[in-house]
K.L.:
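Have a look at this one before I ask anything.
Heavy-atom basis, side chains included; hydrogens, waters and symmetry copies ignored. Just so it is clear, the structure is predicted and the values come from calculations on it, not from any experiment. In what follows, residues are counted from 1 in the order of the sequence shown.
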Amino acid sequence: MTGHPDAVVVGAGIVGAACAEALGRAGLRVTVVERGAPAGATTASGEGNVLVSDKEPGPELELARSSLRRWPDVLRGAAAVAPDAPDPEWDPKGGLVAALDGGAEEPLTAFAAAQRAAGVDARAIGGDEARDLEPGLSPEAGAAVLYPQDAQLQPVAAATALLAAVRARGGRVRHGTAALGLVRGASGAVAGLRTDRGTIPCGAVVNACGPWSGDFSRLAGAPVDVRPRRGMVLVTAPLPPGTVRRKVYDADYVGAVGAGEADLRTSTVVESTHAGTVLIGSSRQRVGFDDTVRVEVLRAIARKAAALFPALARVPVMRAYGGFRPYTPDHLPVIGEDPRVPGLWHATGHEGAGVGLAAGTGHLLAALVTGAPADTDPHPFRVLRGEEDGRE
């Protein structure tokens, strides 16, 4: 790439990679800046979920549907220009949500009915049919909902493939480079990004720093309320094929996703990988950037998983890992230009849905930057929505 980039994306996780890929595909010259290793933080701690099953009707669901439609084409396009990139392991295997107690059945079926009205393929089934689909499912499972549209990918491989496409189109990826703030012109608009390895002149900077987006936004002089929310995952030893066939979770998972309190919330999420291991989650807890591994959290996750899939109680756990999700108080991503600083864009706040929403976020951001049509209404994701609402 000769000359200066048109846009610099700060953050090389799955959302930053998707934004950079979309901007590059739209014809912009792009540089990605990452202080650590690409896809080495929140993305490396993700399960790779591409879901519509856990989202109630509204803006996030519409962004998820856009992203679900786009992911296969985005991955094929990346593979076409960067054929040596790793396989993202795209797997449209579907999802299953089960109610383990009678009190959860009515809310689960009502939630699915609302989703169907919004265009989601959500099929209410009984416990016996659910066990035909997932033979290891607990006999206590009653009502269930099958979501054929749910998918999974390997998040680090996917982000790596997208960044390879950025390079193939003439962009750059600079890892080990910390963003320190903006350079602004006489009008106040972005004129460059300051880093610990020099200044990069550009006309646009994209804040895609995930849980660290609040920190960078303050350095940029335009704070946004994005906070870290800690999560833990267990990884089992490889199991026989078919032990877990889909993403399967308990009906209380949706409530845990939408909860806003700082206290620990756990819910059951079980899914297999191409390597045969089973990923078991999940937890949500606001503890800042404290990365202490808490045994009581792991025990709570394991106990609930064994209730959903009893055979897991006898399966060895190889390791546990945790990460920080970018949380916003209203549980919606922040996507768009910051009205306080022309040329500063945000693509953050996806919490645990960043992988699933990344392709749609990249498309929406690139459309806003270039003025092209978008298939998702950007208004609900606007940067200052809280402040604006307070003045209305």
K.L.:
Return the CG to CG distance between Asn49 and Asp54, rounded to the nearest 0.5 Å.
P.N.:
8.0 Å
K.L.:
Please list all pairs passing the side chain to side chain donor-acceptor pair (under 3.5 Å) test where one or both residues lie in residues 146-156, with sequence neighbours left out.
P.N.:
Ser53-Asp150, Lys93-Gln152, Gln115-Tyr147, Gln152-Glu271
K.L.:
Report yes if some heavy atom in the side chain of Thr328 is under 4.5 Å from a heavy atom in the side chain of Val334; otherwise report no.
P.N.:
yes
K.L.:
Identify whether Ile280 and Leu239 are in the same connected component of the hydrophobic contact network (ILVMFWY, side-chain heavy atoms under 4.5 Å).
P.N.:
yes
K.L.:
Report yes if some heavy atom in the side chain of Asp215 is under 4.5 Å from a heavy atom in the side chain of Cys209; otherwise report no.
P.N.:
no
K.L.:
Hey, does the side chain of Arg246 reach the backbone of Leu133 with a donor-acceptor pair shorter than 3.5 angstrom?
P.N.:
yes
K.L.:
Is Val315 reachable from Ile301 through a run of hydrophobic residues whose side-chain heavy atoms are each under 4.5 Å from the next?
P.N.:
yes
K.L.:
Do you know which two heavy atoms are closest between Gly16 and Ala208, and how far apart they sit?
P.N.:
CA-CB, 3.6 Å
K.L.:
Is Arg230 reaching over with its side chain to a backbone N or O of Asp291, donor-acceptor style, under 3.5 angstrom?
P.N.:
yes
K.L.:
Cluster question for you: counting only ILVMFWY and a side-chain heavy-atom cut-off of under 4.5 Å, with indirect links fine, are Val297 and Val233 together?
P.N.:
no
K.L.:
If we ignore hydrogens and angles and just use 3.5 Å, is the side chain of Thr370 paired with the main-chain N or O of Ala366 as donor and acceptor?
P.N.:
yes
K.L.:
Do any N or O atoms from the side chain of Ser272 and from the backbone of Gly276 form a donor-acceptor pair under 3.5 angstrom?
P.N.:
no
K.L.:
Determine the minimum heavy-atom distance between Cys19 and Ala347, stating which atoms define it.
P.N.:
SG-CB, 3.7 Å
K.L.:
Please round to the nearest 0.5 Å and tell me the distance separating atom CG of Asp87 and atom OG1 of Thr160.
P.N.:
12.0 Å
K.L.:
Are Asp290 and Arg294 ion-paired here, with the side-chain N under 4.0 Å from a carboxylate O?
P.N.:
yes
K.L.:
I'd like to know if Arg385 and Asp330 make a salt bridge, using a cut-off of under 4.0 Å between side-chain N and carboxylate O.
P.N.:
yes
K.L.:
Evaluate the side-chain proximity of Arg227 to Asp225: yes if any heavy-atom separation is below 4.5 Å, no if none is.
P.N.:
yes
K.L.:
Do any N or O atoms from the side chain of Ser217 and from the backbone of Gly214 form a donor-acceptor pair under 3.5 angstrom?
P.N.:
yes
K.L.:
Would you mind listing the cluster partners of Trp212? Hydrophobic ones only (ILVMFWY), side-chain contacts under 4.5 Å, chaining allowed.
P.N.:
Phe289, Phe324
K.L.:
Less than 4.5 Å apart, side chain to side chain, heavy atoms only: is that true for Lys247 and Val270?
P.N.:
no
K.L.:
Test side chain to side chain contact (heavy atoms under 4.5 Å, CB included) on Leu137 and Leu308; report intermediate values, then the result.
P.N.:
CA-CA 6 Å; Leu137 191 64; Leu308 189 64; 3.7 Å; yes
K.L.:
Can Tyr321 and Met232 be said to form a side chain to side chain contact (heavy atoms under 4.5 Å, CB included), step by step?
P.N.:
CA-CA 6 Å; Tyr321 64 87; Met232 297 294 299; over 6 Å; no
K.L.:
Which heavy atom of Ala367 sits nearest to which heavy atom of Ala374, and what is that distance?
P.N.:
CB-CB, 3.8 Å
K.L.:
For Arg229, is there an ion pair with Glu351 - N to carboxylate O distance below 4.0 angstrom?
P.N.:
yes
K.L.:
What's the shortest heavy-atom distance between Gly210 and Val226, and which atoms?
P.N.:
O-CG1, 3.7 Å
K.L.:
What residues join Ile200 in its hydrophobic cluster, counting side-chain heavy atom gaps under 4.5 Å, either direct or through other members?
P.N.:
Val8, Val10, Val33, Leu182, Val190, Leu193, Val205, Phe216, Val341, Leu344
K.L.:
Counting distance only, does the side-chain N/O of Arg116 pair as donor-acceptor with the main-chain N or O of Ala122 below 3.5 Å?
P.N.:
yes
K.L.:
What pairs of residues pass the side chain to side chain donor-acceptor pair (under 3.5 Å) test when at least one of them lies in residues 176-194, not counting sequence neighbours?
P.N.:
Thr177-Arg197
K.L.:
Report yes or no: does Thr236 contribute a side-chain atom to a donor-acceptor pair with the main-chain N or O of Val278 at less than 3.5 Å?
P.N.:
yes
K.L.:
Checking Arg70 now: which residues fulfil side-chain contact (heavy atoms from CB on, under 4.5 Å) with it, not counting sequence neighbours?
P.N.:
Ser66, Val74, Ala359, His363, Asp375
K.L.:
Do Asp377 and Pro380 have side chains that get closer than 4.5 Å, going by heavy atoms?
P.N.:
yes
K.L.:
Does a side-chain heavy-atom distance below 4.5 Å link Val183 with Pro201?
P.N.:
no
K.L.:
Contact between Glu56 and Leu61 at the side-chain level, heavy atoms closer than 4.5 Å - yes or no?
P.N.:
no
K.L.:
Do we see a donor-acceptor contact under 3.5 Å between the side chains of Ser213 and His346?
P.N.:
no
K.L.:
In terms of hydrophobic clusters joined by side-chain contacts under 4.5 Å, are Val235 and Val293 together?
P.N.:
no
K.L.:
Looking at Glu34 and Gly36, would you say the former's side chain and the latter's main chain have a donor-acceptor pair under 3.5 Å?
P.N.:
yes
K.L.:
Is Leu180 linked to Leu219 within one hydrophobic cluster, defined over Ile, Leu, Val, Met, Phe, Trp and Tyr using a side-chain heavy-atom separation of less than 4.5 Å?
P.N.:
no
K.L.:
Find the distance between OG (Ser138) and CG (Leu100) and round it off to the nearest 0.5 Å.
P.N.:
5.5 Å
K.L.:
Check for a donor-acceptor pair, side chain of Trp71 on one end and backbone N or O of Val355 on the other, with a separation under 3.5 Å.
P.N.:
yes
K.L.:
Give the other cluster members for Val156, using side-chain heavy-atom distances under 4.5 Å between Ile, Leu, Val, Met, Phe, Trp and Tyr residues; answer none if it is isolated.
P.N.:
none
K.L.:
Ignoring hydrogens and angles, tell me if any N or O in the side chain of Asp196 forms a donor-acceptor pair with the backbone of Ala178 under 3.5 Å.
P.N.:
yes
K.L.:
Could you check whether Arg382 pairs with Glu337 (Lys NZ or Arg NE/NH1/NH2 to Asp/Glu carboxylate O, under 4.0 Å)?
P.N.:
no
K.L.:
Any chance you could measure Leu146, atom CG, to Asp121, atom CG, to the nearest 0.5 Å?
P.N.:
7.5 Å
K.L.:
Are Leu279 and Leu234 close enough, and set up right, to give a side chain to side chain contact (heavy atoms under 4.5 Å, CB included), and what steps lead you there?
P.N.:
CA-CA 6 Å; Leu279 306 180; Leu234 304 176; over 6 Å; no
K.L.:
So how far is it from His350 NE2 to Phe381 CZ, rounded to the nearest 0.5 Å?
P.N.:
8.0 Å
K.L.:
Show, in sequence, the C-alpha distance, side-chain angles and deciding distance for Val15 and Thr348, and conclude whether the side chain to side chain contact (heavy atoms under 4.5 Å, CB included) test is met.
P.N.:
CA-CA 8 Å; Val15 170; Thr348 184; over 6 Å; no
K.L.:
Check Pro238 against Ala275 and note the closest heavy-atom contact, atom names and distance.
P.N.:
CB-O, 4.1 Å
K.L.:
In terms of side-chain geometry, is the basic nitrogen of Arg65 or Glu62 positioned less than 4.0 Å from the acidic oxygen of its partner?
P.N.:
yes
K.L.:
Find the distance between CH2 (Trp345) and CG (Asp338) and round it off to the nearest 0.5 Å.
P.N.:
10.5 Å
K.L.:
Identify the residue among Val206, Val173, Leu23, Leu162 that makes a side chain to side chain contact (heavy atoms under 4.5 Å, CB included) with Val32.
P.N.:
Val173
K.L.:
Grab the two heavy atoms, one from Pro72 and one from Trp90, that are nearest each other, plus how far apart they are.
P.N.:
CG-CZ2, 3.8 Å
K.L.:
Contact between Leu63 and Ile335 at the side-chain level, heavy atoms closer than 4.5 Å - yes or no?
P.N.:
yes
